[in-house]
Amino acid sequence: MSEQDIALITGASRGIGAAIAVRLARDGYNIWLNYRSNHEAAQAVAAQVRDLGRDCTLLPFDVSDESAAKEALENILRERCPYILVNNSGVNRDGLLFWMSREDWKDVLNVSLDGFYHVTSRIMGLMMQKKRGRIINIVSTSGQTGMAGQVNYSAAKAGLIGATRALAKEVARSGILVNAVSPGFVETDMTKDLPKAEILKMIPLRRFGTCEEVAAVVAFLCSDDASYITGQVLNVNGGVYM
Ligand code: NAP
């Protein structure tokens, strides 16, 4: 990395994305912090990044909205191109497929898959010109095993795993590494209403993961130590899927 390298993290106002932003700031990166609408939470993460001596630029926009992504990124990308892109933003709208509304189906796919496309495709060309970059997509165990009540979410995350592998092949010769990190159950707002006691029985390590444990694996994939890793899915799941 160089002194001026930037990491763009989507969905970084809370949860796993926030921990990734703070961890990469600690590792020396300036941060471009995307989120959808929670300005207060985003400001708090930005303050932590700045306390670590790094710059933090807030980029609030809905990744599923193509024109919003274009508007937010067009000008800033004329000045600089991030070395790291972490596609972390994601939502769940759980329910059995039989009852699932078209809206719940589309929302989940739009944030994960369209969001990946809207942000990554804008940055790709610039990274390719520079012949360096790291892209990390946050997927889920649900996309690997399938999870009842999450047909939309499992489809979105499985799709993102496919996109990770295909893009890794497309850009390897341009010096860009593309990988996915796949958390199991992690303590965040997304999992706060789950029946924890029941779920813990399924996890060999008998606990949920922390956001910092996921961020540490992302940081590894961004590091020089990961220079021969591309197209992979790294599981951070306490053994719930092996
Ligand atoms: P979270 O606590 O619910 O936080 C979601 C973050 O994404 C927030 O910063 C939110 O911004 C942002 N966001 C949501 N929709 C967005 C959109 N359309 N455009 C831009 N930003 C958006 O989620 P999390 O649990 O940290 O999950 C982060 C990622 O890890 C997701 O992709 C999730 O699927 C994946 N994951 C989570 C778990 C888990 O157990 N928690 C397990 C496996 C995978 P606002 O604050 O502005 O709403």
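In each ligand, atom 1 is the first atom listed, and ligand 1 is the first ligand listed. All values below were derived from every heavy atom in this structure, side-chain atoms included, with hydrogens, water molecules and symmetry-related copies excluded.
Between K196 and E187, at least one side-chain nitrogen of the basic residue sits less than 4.0 Å from a carboxylate oxygen of the acidic one, meeting the salt-bridge criterion. A salt bridge does not link R23 to E213: none of the charged nitrogens lies less than 4.0 Å from a carboxylate oxygen.
A donor atom on one side chain and an acceptor atom on the other are found under 3.5 Å apart for S67 and D65. Looking only at atom types and distance, the side chain of N88 has no donor-acceptor partner in the side chain of T10 under 3.5 Å away. Side chains of T120 and N87: a donor-acceptor N/O pair is present below 3.5 angstrom, by distance only. For N179 and Q232, the side-chain atoms include no donor-acceptor pair closer than 3.5 Å.
Annotation: ligand 1 has protein neighbours G11, A12, S13, R14, G15, I16, N34, Y35, R36, S37, N38, F61, D62, V63, N88, S89, G90, V91, V111, I138, V139, S140, Y153, K157, P183, G184, F185, V186, T188, D189, M190, T191, each with a heavy atom less than 4.0 angstrom from the ligand.
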